[in-house]
Amino acid sequence: MEHKLTLISHHLCPYVQRVAIALGEKAIPFERVDVDLALKPDWFKTLSPLGKTPVLKVGDDAIFESAVILEYLEETAEPKLHPNDPLRRAEHRALIEFGSAILNDIWGFYSAPDESAFAHRLSRLAAKFEWLERRLLAQPWFDGENFSLVDTVFGPVFRYFDAFDLIADFGILAGKPKLARWRQSLSARRSVREAVIGDYPARLMKFLGSRDSHLARLNDCRGARVAA
C-alpha cells in the first residue's frame with residue numbers, strides 16, 4: 001500500500017481482530033497501537049468520534065467502524081475476500097452484520113446479571129448458531145474453499161467460546177458438526193491466531209471474571225471446585 005497503516009486497537013476488541021485478520025490475509029504490513037478505552041486519550045477521541053476501536057489510520061487519514069475498514073481494504077488490496085458474484089457478495093455483507101448481532105448477544109451473555117437474563121441470552125445465541133449451522137458449508141471455510149470476510153468475522157466469535165468452555169459446557173454449539181469443523185479450521189488459521197497478543201486468553205478470562213455477572217459467579221464456583 002502507498003500509505004503507512006496504523007491499527008488503533010484494544011487488546012480484547014473482537015472488531016479489531018476482524019481488521020487484523022483481513023490485513024494478515026492480504027499480507028499488508030501495519031503498526032498496532034493499543035488504547036485504554038476506560039481512559040481514552042484526546043488524540044484517540046479526535047480520530048474516533050464514536051469512541052470505539054478499531055480505527056485504521058491511512059497516512060494522516062482515519063477510518064472508523066470495522067465493517068467500513070474491511071470494505072476499504074477489500075477495495076484497495078488483493079486478494080479479494082468477498083465473492084465475485086454480486087448476490088453472494090450482498091449475502092456475505094449481511095452475514096457480517098449477523099456476526100455483529102452474535103457479538104452483541106455474547107456481550108449480553110457474559111454481562112447478564114442473573115440466571116434468568118443469562119438463560120435468555122443463551123437461548124438467543126443457540127438459535128442464531130442453529131441458523132448458521134444450516135447455512136454453513138465448512139469446506140473448510142464458511143462458503144467453501146475460499147477464505148472470506150465472513151470468516152474474518154467469526155474467528156473472533158469462536159475465540160470467546162474457547163474461554164466459555166473453560167467455565168462450563170453451555171451447549172450453545174452442541175450438536176452442530178459443521179460449526180465444530182469451521183471453528184477448528186479458523187483456530188488453526190495463521191491470520192486468526194496472530195490477530196491477538198500472546199496472553200489474550202488469560203486477559204479475556206480475567207476480564208470475564210471481573211464482571212458482576214452470572215457467568216463470573218459460575219467461574220468463581222468452578223475455581224472453588226478446582227481448588228478443592
Side-chain angles (χ1 to χ4, degrees), residues 1-35 37 40 43-104 128 132 135-159 182 185-197:
M1 275 200 169
E2 180 182 349
H3 300 286
K4 175 187 175 182
L5 298 188
T6 304
L7 180 60
I8 313 301
S9 164
H10 180 270
H11 60 272
L12 293 180
C13 178
Y15 297 95
V16 167
Q17 293 175 46
R18 296 177 174 186
V19 176
I21 293 167
L23 287 164
E25 290 294 325
K26 293 173 182 287
I28 302 172
F30 67 97
E31 179 186 2
R32 189 165 183 164
V33 176
D34 284 334
V35 295
L37 293 178
K40 299 169 186 171
W43 65 262
F44 172 71
K45 289 185 280 187
T46 299
L47 295 177
S48 178
L50 298 177
K52 300 189 298 184
T53 54
V55 175
L56 184 68
K57 284 195 69 180
V58 184
D60 293 329
D61 295 309
I63 310 169
F64 58 94
E65 286 297 304
S66 65
V68 178
I69 296 170
L70 291 179
E71 291 295 334
Y72 168 76
L73 294 175
E74 190 68 3
E75 291 176 3
T76 57
E78 299 288 342
K80 299 303 183 188
L81 301 178
H82 265 325
N84 291 326
D85 179 75
L87 184 57
R88 294 280 73 77
R89 194 158 60 245
E91 183 195 22
H92 277 219
R93 288 186 174 116
L95 284 159
I96 289 170
E97 289 303 308
F98 185 67
S100 296
I102 287 178
L103 284 174
N104 285 337
K128 284 184 172 66
L132 198 60
R135 168 59 183 83
L136 177 64
L137 293 183
Q139 296 176 348
W141 309 118
F142 175 77
D143 234 354
E145 296 181 355
N146 296 321
F147 191 92
S148 71
L149 287 179
V150 176
D151 296 288
T152 74
V153 167
F154 279 89
V157 166
F158 289 123
R159 217 187 295 275
W182 189 32
S185 296
L186 286 169
S187 68
R189 186 81 169 186
R190 179 177 177 179
S191 63
V192 176
R193 295 197 318 269
E194 294 182 351
V196 294
I197 56 179

ask   = With side chains defined as the heavy atoms from C-beta onward, is the minimum distance between L50 and K45 less than 4.5 Å?
value = no
message = Could you tell me if the side chain of T6 sits less than 4.5 Å from the side chain of L56, heavy atoms only?
response = no
query = Is there a side-chain contact between L103 and V157 (heavy atoms, below 4.5 Å)?
reply = yes
query = If we only count heavy atoms from C-beta on, is the Q17 to V192 side-chain gap below 4.5 Å?
reply = no
query = Okay, side chain of R32, backbone of S9: is any donor-acceptor separation there less than 3.5 Å?
reply = no
key: Aromatic ring pairing F154/F98, orientation class (parallel under 30°, perpendicular over 60°, tilted between)   = tilted
key: Heavy-atom pair of closest approach, residues I28 and L5   = CG2-CD1, 3.5 Å
Nearest atoms (heavy-atom pairs only) where K128 meets A101 = CE-CB, 4.0 Å
key: Nearest atoms (heavy-atom pairs only) where G59 meets H3   = N-CB, 3.6 Å
ask   = So, are E194 and R190 salt-bridged, with charged N and O less than 4.0 Å apart?
value = yes
query = Do E31 and K57 meet the salt-bridge criterion of a basic N to acidic O distance under 4.0 Å?
reply = no
ask   = Hey, are the side chains of D34 and H10 touching, using non-hydrogen atoms and a 4.5 Å cut-off?
value = no
task = Flag the pair S100 / Y15 as yes when at least one side-chain heavy-atom distance between them is below 4.5 Å, and no otherwise.
result = yes
key: More than 12 heavy atoms of other groups within 6.0 Å of N104 CG   = yes
Under 3.5 Å donor-acceptor, R89 side chain and N84 backbone = yes
request  = Output, in order, the C-alpha distance, side-chain angles, deciding distance and verdict of side-chain contact (heavy atoms from CB on, under 4.5 Å) for L132 and W182.
outcome  = CA-CA 11 Å; L132 198 60; W182 189 32; 3.8 Å; yes
task = Describe, in one word, how the ring planes of F147 and W141 are oriented to each other, choosing from parallel (under 30°), tilted (30 to 60°) and perpendicular (over 60°).
result = perpendicular
request  = Could you grab the distance from atom CG of L73 to atom CD of E78, nearest 0.5 Å is fine?
outcome  = 12.0 Å
ask   = Which atom pair, heavy atoms only, marks the closest approach of P140 to S185?
value = CB-OG, 3.6 Å
request  = Indicate yes or no: at least one non-hydrogen side-chain atom of I63 is less than 4.5 angstrom from one of V55.
outcome  = no
note = Separation between CG (L149) and CD1 (I21), nearest 0.5 Å, reads 10.5 Å
message = In terms of relative ring orientation, are F142 and H92 parallel, tilted or perpendicular, with 30° and 60° separating the classes?
response = perpendicular
inquiry  = Measuring from atom CZ of R193 to atom CZ of R159, what distance do you get when rounded to the nearest 0.5 angstrom?
reply    = 10.0 Å
query = For Y72, does its backbone N or O pair with a side-chain atom of T76 as donor and acceptor, under 3.5 Å?
reply = yes
task = Please assess R88 against H82 for the test side-chain contact (heavy atoms from CB on, under 4.5 Å), listing each intermediate value before the final yes or no.
result = CA-CA 8 Å; R88 294 280 73 77; H82 265 325; over 6 Å; no
request  = Measure the spacing between CD of Q139 and CG of N146 and express it to the nearest 0.5 Å.
outcome  = 12.0 Å
key: Rounded distance [0.5 Å steps], CZ in R189 versus OG in S187   = 12.0 Å
message = Contact between T53 and F44 at the side-chain level, heavy atoms closer than 4.5 Å - yes or no?
response = yes
ask   = Is the shortest side-chain N to carboxylate O distance from D143 to R135 below 4.0 Å?
value = yes
ask   = Do K26 side-chain atoms and P79 backbone N/O form a donor-acceptor pair below 3.5 Å?
value = yes
key: Value rounded to 0.5 Å, distance of CD1 in I96 from OG in S148   = 7.5 Å
remark   = Heavy-atom closest pair (L37 atom, G51 atom, distance to 0.1 Å) is CD2-O, 4.1 Å
Pair E74 + K80: basic N to acidic O under 4.0 Å = no
request  = Examine distances only and state if a side-chain atom of K52 and a backbone atom of E65 form a donor-acceptor pair shorter than 3.5 Å.
outcome  = no
inquiry  = To check you understand the geometry: which heavy-atom pair defines the closest contact between R18 and G99, and what is its length?
reply    = NH2-C, 3.9 Å
